Student: 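Have a look at this one before I ask anything.
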Amino acid sequence: MNTSLFMKAKTYTFCICLLLLITVSCKKQTETVNVDATDQNIALFYNSELERCITFLDSIAMSNTTAERISYYKKARQHFKAMEPILASIDKNNYKSLNAPNILQVQEEDLTDVKIRNPFGFQVIEELLHDEDEDEASLRNALTITSDRLKLLQRNTHIKLKDYHLIWLLRDQIMRTAATGITGFDSPVLGQALTESQYTTQTLIALIDICKDKFSSKAIYEDLRASFKEGIAALDSDFDTFDRFGFIKNYTDPQLKLVLKTQEDWNVSFPFEMAISNNTSSFFGANTVNVLYFSDYKSDTLYLKQKEIFGKALFNDQVLSRNNDMACASCHIKDKAFTDGKKTFDARQVRNSPTLTYSAYQQSFFMDGRAGSLEGQVVGVAENHDEFNLPMDSIVRRVLQNPTYQVAIDSLYGRKRIDFNIRHAIASYVRSLNSYDSKFDKNIEGIESSLTAEEKQGFNLFMGKAACATCHFPPLFNGTVPPHYNDTEVELLGVPGANDTINAVISGDLGRYNVFGTKQRKHFFKTPTVRNVNVTGPYMHNGVYTTLEDVVDFYNRGGGKGIGIHEEFQTLPFDELNLTIAEQESLVAFMKTLTDADFIEK
């Protein structure tokens, strides 16, 4: 072949290769544009809201009048809430920091790693703007830190969401609106909870509009969009009189069902379960919150029912205690919703025996949160000199002496890690003590229609004016914060040592302080569930109150502050609730509807 011909052939081959490369490249580029179009449009929406939020936030510092500052704050907050569904999905930690309550932040990993941080973000700014003794330096500092954090997000956020991320985002925000949005959890002074819930719901409409082409069923898209719009209209209400019971039944639950239809329509598969079940269809459903999410040993689910039965036998067996005279069931009696009905079990104890029903839905255990799992809690009870007083290795030996227990361990666990297997079996039983069959559950789920007007009003008060749900979060009514359920809160209420109504003295129990010696955690205790509360008295960590009426009166007065106890770090957000006698009675009536069927006297 001559040189000219060779060069022509080489050029021809190069052109063909180049053409193929360009074709493939263009095809890939076209595919990329199509695949990423949703992300790009979501990013445009998110960045637009973020930019406006920063602009209005920075305007506060340049304003001279309080009225003008508050006006700018409301606008900044509006855009922050508009971006909330996306931010909370893609960056949980920054969302949590920017929306944190104005309470000192304490992180305790171990004795060598205790972090104390001053809060910042929108709730802090909101309170400072409304403080009569306005601290200009503190306000400017909070504004600067908050604005800088938002600008950091602006520079570093890259949105890439798969379809299952979008489903999680929609579901989480629907749950967040019902669990914290409509309760006033993060609008402590302005009371804009319902208006802000409108902003977040409007964002959900914007998101499904962006995702419109993903819907095979036009009807599902239109029904979901219509439900969001109708929910926004329903939220246009007075905070104190808003019908939260009706909102959850008429909007939250239908929206969750439509999201379930959406994931089926999109043919979405999930890589794993989060705290909220991937098949959630109602806010108060028995399987809405995934109980295994709270276990450190999520994979140990083989033969789970049999392990629960084995755990129940151990739970009731006194062989686990040194003197063979005490079992878990000694302090946690089934007929009393797994409490004992006493202030303290005996003279050696300083704390009330809490209910074990729904106790699995927490990230920390014991009233001071010193154990990180139910399995760890068993160790604490076993080795406590005033309880079982028997090391786990001795318990293992005793358990193995029982032929029936030996067979259970061999068949269910294969004899590996026997110490842990015993604890896991007991913990598995405790995780099963959640029946969700109270009068309230049956009514909110539409199984029956028997709630009285007073009981419904009590629920609405619990979720609104009485501010109970800002600490006892539905649907679990405990202190584990939805919808991600990563934190179980501890609070300083100022609980007295005796039932005094004036000039009271705080209980001598230092609570969480005893775990790490952090002075900012003196008298802090975990927030328990209110489910089955009618049969789990007496109340508070020391059993100081014998009736629910006493408890409501304590909170109505403003907690410890209202009865003469003044602690620097008290966490209750209000001085007084100003509930009428009738409202207090309604609140108690509602709480009594949270009693599961097994614990109602026949």
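On a predicted model such as this, the values are computed, not experimentally measured, just so you know. All heavy atoms count here, side chains included; hydrogens, waters and symmetry mates do not.
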Student: How are the rings of Y73 and F122 set to each other: parallel, tilted or perpendicular (split at 30° and 60°)?
Tutor: tilted

Student: Could you walk me through whether F477 and T527 pass side chain to side chain contact (heavy atoms under 4.5 Å, CB included), step by step?
Tutor: CA-CA 9 Å; F477 296 110; T527 304; over 6 Å; no

Student: Could you give the distance from CG (N578) to CG (N556), rounded to the nearest 0.5 Å?
Tutor: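 One gets 7.0 Å once the value is rounded to the nearest 0.5 Å.
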
Student: Whether the R77 and N99 side chains hold a donor-acceptor pair (N or O, under 3.5 Å, no angle test) is what I'd like checked.
Tutor: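 Side chains of R77 and N99: pair found under 3.5 Å.
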
Student: Heavy-atom count check: over 12 atoms from other residues, nucleotides or ligands less than 6.0 Å from N287 CG?
Tutor: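 No - once you tally the heavy atoms of other residues, nucleotides and ligands closer than 6.0 Å, there are 12 at most.
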
Student: Judged by atom type as modelled, is there a donor-acceptor pair below 3.5 Å linking the side chain of S187 to the main-chain atoms of G184?
Tutor: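 Not confirmed, S187 side chain does not pair with G184 backbone.
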
Student: Might you confirm whether atom NZ of K465 has over 12 heavy atoms from other residues, nucleotides or ligands at distances under 6.0 Å?
Tutor: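 Counting neighbours around NZ of K465, more than 12 heavy atoms of other residues, nucleotides or ligands fall under 6.0 Å, so yes.
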
Student: Do T480 and T488 have side-chain atoms, one donor and one acceptor, less than 3.5 Å apart?
Tutor: yes

Student: Determine whether N542 and D509 make a side-chain contact, defined as any pair of heavy atoms from C-beta on separated by less than 4.5 Å.
Tutor: no

Student: Nearest 0.5 angstrom please: D131 CG to L139 CG, how far?
Tutor: 10.0 Å

Student: Do Q173 and T203 touch side chain to side chain, with heavy atoms closer than 4.5 Å?
Tutor: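 The answer is no; the side chains never approach within 4.5 Å.
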
Student: Please check if the side chain of N478 supplies one atom and the backbone of S359 the other of a donor-acceptor pair under 3.5 Å.
Tutor: no

Student: Answer yes or no: is there a donor N or O on one side and an acceptor on the other, between the side chain of D253 and the main chain of F283, under 3.5 Å?
Tutor: yes

Student: Once the angle between the rings of Y545 and F554 is folded into 0 to 90°, is it parallel (under 30°), tilted (30 to 60°) or perpendicular (over 60°)?
Tutor: tilted

Student: After noting the C-alpha distance and the side-chain angles of T146 and L98, does the key distance pass the side chain to side chain contact (heavy atoms under 4.5 Å, CB included) rule?
Tutor: CA-CA 7 Å; T146 305; L98 287 161; 3.8 Å; yes

Student: Using a 4.5 Å cut-off on heavy atoms from C-beta on, say whether the side chain of V544 contacts that of S507.
Tutor: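 S507 vs V544: side chains apart.
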
Student: Can you measure from CG (L87) to CG (L169) and round to the nearest 0.5 angstrom?
Tutor: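 Between atom CG of L87 and atom CG of L169 there are 10.5 Å.
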
Student: Can R431 and E375 be said to form a salt bridge (Lys or Arg N to Asp or Glu O under 4.0 Å), step by step?
Tutor: CA-CA 11 Å; R431 289 189 188 104; E375 288 82 357; 2.9 Å; yes

Student: Once the angle between the rings of F272 and W168 is folded into 0 to 90°, is it parallel (under 30°), tilted (30 to 60°) or perpendicular (over 60°)?
Tutor: tilted

Student: I'd like to know if the side chain of K561 pairs up with that of Q570 as donor and acceptor (distance under 3.5 Å, no hydrogens or angles considered).
Tutor: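 No pair is found: no donor N or O on one side chain lies under 3.5 Å from an acceptor on the other.
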
Student: Under a 3.5 Å distance rule, please check whether E489 uses its side chain to pair with a backbone N or O of V481 as donor and acceptor.
Tutor: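 No, E489 side chain to V481 backbone: no donor-acceptor pair under 3.5 Å.
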
Student: F462 vs H472 aromatic rings, parallel, tilted or perpendicular, using cut-offs 30° and 60°?
Tutor: tilted

Student: Do V533 and L548 have side chains that get closer than 4.5 Å, going by heavy atoms?
Tutor: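 Yes, at least one pair of side-chain atoms sits under 4.5 Å.
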
Student: Under 3.5 Å, is there a donor-acceptor pair between the E230 and Y251 side chains?
Tutor: no

Student: Could you walk me through whether E84 and Y95 pass the side chain to side chain donor-acceptor pair (under 3.5 Å) check?
Tutor: CA-CA 8 Å; E84 174 183 272; Y95 167 72; 2.7 Å; yes

Student: Counting only heavy atoms from other residues, nucleotides and ligands, does the tally under 6.0 Å from CG of D575 exceed 12?
Tutor: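 No.
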
Student: If we count only N and O atoms by modelled type, under 3.5 Å, do the side chains of T357 and N532 hold a donor and an acceptor together?
Tutor: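 A pair is found: one side chain offers a donor N or O, the other an acceptor, under 3.5 Å apart.
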
Student: Whether E136 and R69 form a salt bridge (side-chain N of Lys/Arg under 4.0 Å from carboxylate O of Asp/Glu) is what I want to check.
Tutor: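 Here R69 pairs with E136 in a salt bridge, since their nearest N and O are under 4.0 Å apart.
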
Student: Do T571 and E491 have side-chain atoms, one donor and one acceptor, less than 3.5 Å apart?
Tutor: yes

Student: Can you see whether E51 engages Q154 through a side-chain donor-acceptor pair at a distance of less than 3.5 angstrom?
Tutor: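 Yes, side-chain donor-acceptor contact under 3.5 Å.
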
Student: State, with a plain yes or no, whether a side-chain heavy atom of V495 is found less than 4.5 Å away from one of I565.
Tutor: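 V495 vs I565: side chains apart.
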
Student: Under the salt bridge (Lys or Arg N to Asp or Glu O under 4.0 Å) test against D368, which residue among R521, R351, R512 passes?
Tutor: R351

Student: Using a 3.5 Å distance criterion without hydrogens, assess whether the side chain of S295 forms a donor-acceptor pair with backbone atoms of L292.
Tutor: no

Student: Looking at the rings of F590 and F440, which for Trp means the six-membered one, are their centres under 6.0 Å apart?
Tutor: yes

Student: If you measure from CE on M83 to SG on C53, what distance do you get to the nearest 0.5 Å?
Tutor: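 Answer for the CE-SG pair, M83 versus C53, is 6.0 Å.
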
Student: Look at atom NZ of K519 and say whether more than 12 heavy atoms of other residues, nucleotides or ligands are closer to it than 6.0 Å.
Tutor: no

Student: Would you say that R531 contacts N434 through its side chain, given a criterion of any heavy-atom pair below 4.5 Å between the two side chains?
Tutor: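 No, too far: nothing below the 4.5 Å cut-off.
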
Student: Tell me whether the centres of the aromatic rings in Y361 and Y485 are closer together than 6.0 Å.
Tutor: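 When the ring centroids of Y361 and Y485 are compared, they turn out to be at least 6.0 Å apart.
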
Student: To check you understand the geometry: which heavy-atom pair defines the closest contact between P474 and A469, and what is its length?
Tutor: CD-CB, 4.0 Å

Student: Applying side chain to side chain contact (heavy atoms under 4.5 Å, CB included), run through M540 and V551 and close with a yes or a no.
Tutor: CA-CA 8 Å; M540 304 302 190; V551 175; 4.2 Å; yes

Student: Tell me whether S48 contacts the main-chain N or O of F45 through its side chain, where contact means a donor paired with an acceptor under 3.5 Å.
Tutor: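 Absent.
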
Student: Donor-acceptor check, side chain of S147 to backbone of D58, threshold 3.5 angstrom: yes or no?
Tutor: no

Student: Looking at T180, is its backbone amide N or carbonyl O close enough to the side chain of T183 to form a donor-acceptor pair, meaning the two atoms are under 3.5 Å apart?
Tutor: yes

Student: For a quick test of reading the model, state the closest non-hydrogen atom pair linking Q105 to P119 and the distance between them.
Tutor: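 Heavy atoms only, the tightest pair is NE2-CB, 3.9 Å.
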
Student: H79 vs F56 aromatic rings, parallel, tilted or perpendicular, using cut-offs 30° and 60°?
Tutor: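 Rings of H79 and F56: parallel, under 30°.
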
Student: Hey, could you give me the NZ/OG1 distance between K229 and T201, rounded to the nearest 0.5 Å?
Tutor: 13.0 Å

Student: Should K81 and D186 count as an ion pair when the cut-off is N to O under 4.0 Å?
Tutor: yes

Student: Answer whether the closest heavy-atom distance between the side chains of I563 and D500 falls below 4.5 Å.
Tutor: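 Side-chain contact under 4.5 Å: no.
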
Student: Heavy atoms, side chains only, cut-off 4.5 Å: are H484 and D172 in contact?
Tutor: yes

Student: Relative to F239, does R244 satisfy both conditions: NZ or CZ under 6.0 angstrom from the six-membered ring centre, and within 45 degrees of the ring's axis?
Tutor: yes

Student: As an exercise, state the distance from CD of Q202 to CG of L207, rounded to the nearest 0.5 Å.
Tutor: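 CG of L207 is found 10.5 Å from CD of Q202.
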
Student: Answer yes if the ring centres of F80 and Y199 are under 6.0 angstrom apart, and no otherwise.
Tutor: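 Aromatic pair excluded; centres sit 6.0 Å or further apart.
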
Student: Is the side chain of Q198 donor-acceptor paired with the backbone N or O of I232 at a distance under 3.5 Å, no angle test?
Tutor: yes

Student: Tell me, with the steps shown, if I182 and F247 meet side chain to side chain contact (heavy atoms under 4.5 Å, CB included).
Tutor: CA-CA 10 Å; I182 61 177; F247 181 83; 4.2 Å; yes

Student: Does S59 offer a backbone N or O that forms a donor-acceptor pair with the side chain of S63 under 3.5 Å?
Tutor: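 Answer holds: yes.
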
